[in-house]
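These notes are about the structure you will find just below.
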Amino acid sequence: MRIMNKIYYLVMSMTVILLAACSQDEMEQVKERTLPELRVMVNHPSSITTRATISDLTTTFEAGDQIGLFAFDEGSDELIYVNVPYTYNGRTWEVSNPSQKVYFSENFKYFAYYPYQEKIEDEYYSFEDDDTAYWYYTLYYYTEDASEFFDYLISKWEPQLDQSTLESYNASDLMVGKGTKNNENASVSFTLEHQMGLVRIAYYDGQNQEYVEDISFLDSKECFYNEYEEDCPIPYNTGKDFFHYIAKPGTDLVFWYMDPMTGARYYDIEVDDDKGFVTDFEVSPSY
């Protein structure tokens, strides 16, 4: 038994030494730029049963959208790349700063999130305006799960109150993912998962007893407000079937709808606890 134990510890010691050597070698290759440059592909959530987006339960990225990319070396327990922005040009994802190249390694774990942020402001912690320090202190390296890796970012995320524009709506839609590596072409593919919930608001025509399918004639800012209340959530008008509003799971929201006959009316909404799920309600004007 003692001989077996000695053999076990010898093997484990040699494994640690080899991993350290490999990690050191990887780091030298990164510095010398001898590794292949990384190719990045990003997909929206594939499941349409959990979240609707703009119109028909599908989502596409727009040119100019950005993700933040991280790479973690499993051998050395080091963050190799920290919050490197990649920009979508309408066809492919390219590193935003050409001088900040990212390289591919079989030993790296890759994580990404959308939309790109330098950091999340936090009133309780000061990182001395060092964006890199923020990420080093808030990431959970030792995980295979993207939602755990970005747990702090997700916990501090606050969707915008006014989501009446496509830009503000998209800027509220936090998504994260772990990369799937393809060693043959030095690429990593991310399928992102929604971390927020979606409130979906139907417009019901009480006079004609039907839901209005084309709501493009309605202005979100004119419909959802109360002049006597601050911080009124304003949804995005998709132009068809529903208004959409991105919200933190499990939160309570009060929507104010300006009824032309009775004035502002409130709707107290409890957002579904699960990430990526839809909470439905409807508004109906008086006649």
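Nearest heavy atom pair, residue D274 against residue D272, reads N-OD1, 2.8 Å. Residues C232 and W256 come closest through the heavy atom pair SG-CD1, 3.8 Å. The minimum heavy-atom distance between L253 and D268, with the atom names listed, is O-OD1, 3.4 Å. Closest of all the heavy-atom pairs between P233 and F224 is O-CB, 3.9 Å. Taking all atoms of both residues into account, the shortest heavy-atom contact from P115 to A171 is CG-O, 3.5 Å. Closest non-hydrogen pair, K221 versus D162, comes out as CE-OD2, 3.1 Å.
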Walk me through it: do N83 and Y134 pass the test side chain to side chain donor-acceptor pair (under 3.5 Å)? CA-CA 10 Å; N83 200 32; Y134 167 84; over 6 Å; no

Could you check Q163 against T165 for side chain to side chain donor-acceptor pair (under 3.5 Å), going step by step and ending with a plain yes or no? CA-CA 5 Å; Q163 299 179 20; T165 66; over 6 Å; no

Apply side-chain contact (heavy atoms from CB on, under 4.5 Å) to K275 and M196, showing your working. CA-CA 5 Å; K275 297 176 180 179; M196 298 292 106; over 6 Å; no

Would you sort out whether V271 and V199 count as a side-chain contact (heavy atoms from CB on, under 4.5 Å), showing the intermediate values? CA-CA 7 Å; V271 183; V199 177; 4.1 Å; yes

Start with the C-alpha gap between V40 and L69, add the side-chain angles, then the distance that decides, and say whether side-chain contact (heavy atoms from CB on, under 4.5 Å) holds. CA-CA 10 Å; V40 171; L69 182 142; 4.0 Å; yes

Step by step, would you call Q195 with I154 a side-chain contact (heavy atoms from CB on, under 4.5 Å)? CA-CA 7 Å; Q195 300 303 303; I154 296 167; 3.3 Å; yes

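For the residue pair S96 and Q66, a side-chain donor N or O sits within less than 3.5 Å of a side-chain acceptor on the partner. Between the side chains of D173 and N170, no donor-acceptor pair of N or O atoms lies under 3.5 Å. In the model, Y169 has no side-chain atom that pairs as donor or acceptor with a side-chain atom of Q160 under 3.5 Å. No side-chain donor-acceptor contact under 3.5 Å links T191 and E193. Between the side chains of D241 and T238, no donor N or O sits under 3.5 Å from an acceptor N or O. No side-chain donor-acceptor contact under 3.5 Å links D145 and T143.
The backbone N or O of S168 sits less than 3.5 Å from a side-chain atom of S172, completing a donor-acceptor pair. A side-chain donor-acceptor contact under 3.5 Å links D65 to the backbone of E62. Remark: the backbone N or O of Y204 is paired with a side-chain donor or acceptor of S284 at under 3.5 angstrom. Side-chain atoms of W157 never come within 3.5 Å of backbone atoms of Y152 as a donor-acceptor pair (strictly under, hydrogens ignored). Under a 3.5 Å cut-off, the side chain of N89 and the backbone N or O of G64 do not form any donor-acceptor pair.
Atom OG of residue S220 and atom CG of residue N237 lie 5.0 Å apart, to the nearest 0.5 angstrom. Between atom NZ of residue K240 and atom CG of residue D214 there is a gap of 9.0 Å, rounded to the nearest 0.5 Å. In this structure, L198 CG and I246 CD1 are separated by 6.0 Å, a value rounded to the nearest 0.5 Å. The distance from the OG atom of S147 to the CG atom of L153 is 11.5 Å, given to the nearest 0.5 Å. For the atom pair N183 CG and S105 OG, the distance stands at 9.0 Å (nearest 0.5 Å). One finds the CZ atom of F72 at 9.0 Å from the CD atom of E78 (value rounded to the nearest 0.5 Å).
Between R39 and N185, some side-chain heavy-atom pair lies under the 4.5 Å cut-off. Side chains of S187 and M41 form a contact here, defined as non-hydrogen atoms less than 4.5 Å apart. Contact check for F104 versus L35: no side-chain heavy atoms found under the 4.5 Å cut-off. For the pair V84 and V95, the minimum side-chain heavy-atom distance is below 4.5 Å. Contact of the D252 side chain with the I269 side chain is not registered, since no non-hydrogen atoms from C-beta on lie closer than 4.5 Å. Taking the side chain as every heavy atom from C-beta outward, N43 and S189 approach each other to under 4.5 Å.
Other residues, nucleotides and ligands place more than 12 heavy atoms under 6.0 Å from the CZ atom of F281. For CD of Q209, the number of neighbouring non-hydrogen atoms (other residues, nucleotides, ligands) closer than 6.0 Å is greater than 12.
Here the two rings, on F61 and Y114, have centers that are under 6.0 Å apart. Here the two rings, on Y267 and F255, have centers that are 6.0 Å apart or farther. Close placement of the Y88 and W93 rings is indicated, their centers lying within 6.0 Å of each other. Checked against the 6.0 Å centroid criterion, the rings of F149 and F111 qualify as a close aromatic pair.
Ring pair Y116/Y113 is parallel by interplanar angle, where below 30° counts as parallel and above 60° as perpendicular.
Residues satisfying the side chain to side chain contact (heavy atoms under 4.5 Å, CB included) test with Y228, not counting sequence neighbours, are N226.
Put simply, the residue from Y81, Y86, W135, Y110 that forms a ring pair (Phe, Tyr, Trp, His ring centres under 6.0 Å) with F70 is W135.
Under the 6.0 Å distance and 45° angle rule, R265 does not count as a cation-pi partner of Y257.
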Can you give the donor-acceptor pairs under 3.5 Å from side chains of residues 174-182 to other protein atoms, not counting sequence neighbours?
unit_1, atom_1, unit_2, atom_2, d
K178, NZ, E144, OE1, 2.1
K181, NZ, E106, O, 2.7
K181, NZ, F108, O, 2.7
N182, OD1, E184, N, 3.0

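Side-chain heavy atoms closer than 4.5 Å link hydrophobic residues (I, L, V, M, F, W, Y) into clusters, and following such links, even through other members, never connects V283 to Y225. When hydrophobic clusters are built by joining Ile, Leu, Val, Met, Phe, Trp and Tyr residues whose side-chain heavy atoms come closer than 4.5 Å, directly or via intermediates, Y203 is not grouped with M258.
The pair K109-D73 fails the salt-bridge criterion, with no side-chain N (NZ, NE, NH1 or NH2) lying under 4.0 Å from an Asp/Glu carboxylate O.
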